[in-house]
Amino acid sequence: MSDIIRFQFRQLFTKRIVHLANLLVLFVIFVMLFLNGESTPEIRDTLTAYVPQTASFAASIALMAPMIMIGMVCGDDFEDKTINHELTAGRSRAASYFGRAIPVMVTAPLTALALLGIPYGVYGAMFGIGNAVPLSNILLRTLLMLFPLLRLSAFFVFLLFITKKQLAAVVGALGATMLSLGMIEGSALPFLSAAKRIHGMLSIPDLLNLCTFDNWRTYDLTLTNYYTYYPELHAAQIVPVIVCSLVMCAVWLLLGYHFFHVDDMN
């Protein structure tokens, strides 16, 4: 299995389509941050004031590239029948499955956080950090995002091994992005509204909840908005996100392995 893991990591770091997808997502987030019409070039919010306004949208875009990466790298071996050849040569199904699942489970969440963090790092260097929200709280929320991203990555590994099609993971990634963008605006569907209120229920609402800061808004005589943020996270929010993400991550991976184990691989 170790040689499969090494090859998958090599694919992740050398495959051109992966880098193009990451660069495209990075470009979109940069455009969103620096060409936002609410801030003029002369008067820019500091980083800690700007993150609560834009983090949900940026995270929705950032999760697209790693999910596509899962389809392009893992799914590529279904297209050219590499997995079939491995099994014919005597490889165990566990080695073929986990040798592909482990690398993307490591790299996909970290890539999403990197695509999210790099533009904000550049923004902070250009316009200052500020103190609208404690930077430590932003970093804590960013680290906690690893858990719903891990859970989402496991789901896409499951989806890929069920369908054995690259397109299924890519379409699923686009669907997850559209769903998250729709939930930012507020979904009228009762199930999605409930999922956003109940921490740990679904990975995308958990991700968006970590990007959302409770706030109060006031105005001055010129109708300029002033925001006050309450950034603290409660244990009732943190614990379900971590526990449910880890449990569901294991469930999706085991389900994917079960179907792959019994599949005739025609």
Here the gap from L202 atom CG to F155 atom CZ, rounded to the nearest 0.5 Å, amounts to 10.0 Å
Q. Hey, quick one: are V25 and V28 part of the same hydrophobic cluster, counting side-chain heavy atoms closer than 4.5 Å, chains of contacts allowed?
A. yes
Can you find a pair of side-chain heavy atoms, one from D3 and one from F7, that are under 4.5 Å apart? no
| said: Would you say that M69 contacts T111 through its side chain, given a criterion of any heavy-atom pair below 4.5 Å between the two side chains? | reply: yes
For P240 and A235, the nearest pair of non-hydrogen atoms, with its separation, is CD-O, 3.7 Å
Notebook entry, point to check: Does L23 belong to the same Ile/Leu/Val/Met/Phe/Trp/Tyr cluster as I29, with side-chain heavy atoms less than 4.5 Å apart forming each link?
Noted result: no
>> I'd like to check Y120 versus L33 (side-chain heavy atoms, cut-off strictly below 4.5 Å). Are they in contact?
In response: yes
Exercise for the section: Taking the side chain as every heavy atom from C-beta outward, state whether V122 and M126 have any atom pair closer than 4.5 Å. Expected result: yes
Quick check: is Y257 connected to V157 through a chain of hydrophobic side chains (ILVMFWY, heavy atoms under 4.5 Å apart)?
yes
**Request:** Report whether I118 and L47 are members of the same hydrophobic cluster (ILVMFWY, side-chain heavy atoms less than 4.5 Å apart, transitive linking).
**Result:** yes
Note to self: Do L254 and W252 land in one hydrophobic cluster if side-chain heavy atoms of ILVMFWY residues count as linked below 4.5 Å?
What the structure shows: no
(Q) Given 3.5 Å as the limit, does a donor-acceptor pair link the side chain of S245 with the main chain of R151, or not? (A) no
Nearest heavy-atom contact between Q53 and A49 is NE2-O, 2.9 Å
Report yes or no: does T48 contribute a side-chain atom to a donor-acceptor pair with the main-chain N or O of A132 at less than 3.5 Å? yes
Taking F260's backbone N and O only, do any of them form a donor-acceptor pair with R93's side chain (distance below 3.5 Å, no angle check)? yes
Between I70 and A108 the two heavy atoms that sit nearest each other are CD1-CB, 4.2 Å
Practice prompt. Check for a donor-acceptor pair, side chain of R141 on one end and backbone N or O of T212 on the other, with a separation under 3.5 Å.
Written response: yes
In this structure, CG of L246 is separated from CG of L150 (nearest 0.5 Å) by 7.0 Å
| query | Is any side-chain heavy atom of V251 closer than 4.5 Å to a side-chain heavy atom of F158? | reply | no
With a 6.0 Å cut-off on ring centres, are Y97 and F161 close enough?
yes
On a heavy-atom basis, the closest approach of M1 and A95 is CG-O, 3.7 Å
**Study point:** Whether over 12 other heavy atoms sit under 6.0 Å from N131 CG
**Key:** no
NE2 of H258 to CD1 of I162, rounded to nearest 0.5 Å, is 8.5 Å
Side chain to side chain contact (heavy atoms under 4.5 Å, CB included) with S203: of L152, L208, V241, only one passes, and it is L152
dist Q237:CD -> I242:CD1 (nearest 0.5 Å) comes out at 10.5 Å
dist F147:CZ -> C249:SG (nearest 0.5 Å) comes out at 10.5 Å
Tested for ring-ring contact (aromatic ring centres under 6.0 Å, His included) against Y50, the lone hit among F213, Y123, F57 is Y123
Is there a side-chain contact between T46 and F127 in this structure, where contact means two heavy atoms from C-beta onward sitting under 4.5 Å apart? no
Heavy-atom nearest pair, A101 first then L253, reads CB-CD2, 4.2 Å
Carefully, step by step, assess I83 and R100 under the rule side-chain contact (heavy atoms from CB on, under 4.5 Å). CA-CA 10 Å; I83 292 184; R100 288 170 173 82; 3.5 Å; yes
The side chain to side chain contact (heavy atoms under 4.5 Å, CB included) partner of L144 among N209, I238, L207, L149 is I238
Taken to the nearest 0.5 Å, the spacing of M105 CE from L110 CG works out to 11.0 Å
Does any non-hydrogen side-chain atom of L210 lie less than 4.5 Å from one of P148?
yes
Taking every heavy atom of L115 against every heavy atom of N22, the minimum-distance pair comes out as CD2-O, 3.6 Å
_Using the rule given for side-chain contact (heavy atoms from CB on, under 4.5 Å), can you reason through V133 versus V51, listing the C-alpha separation, both sets of side-chain angles and the distance that settles it, and then say yes or no?_
CA-CA 9 Å; V133 175; V51 166; over 6 Å; no
message: Quick check: do L116 and M145 have side-chain heavy atoms less than 4.5 Å from each other?
response: yes
Looking at H19 and F13, would you say the former's side chain and the latter's main chain have a donor-acceptor pair under 3.5 Å? yes
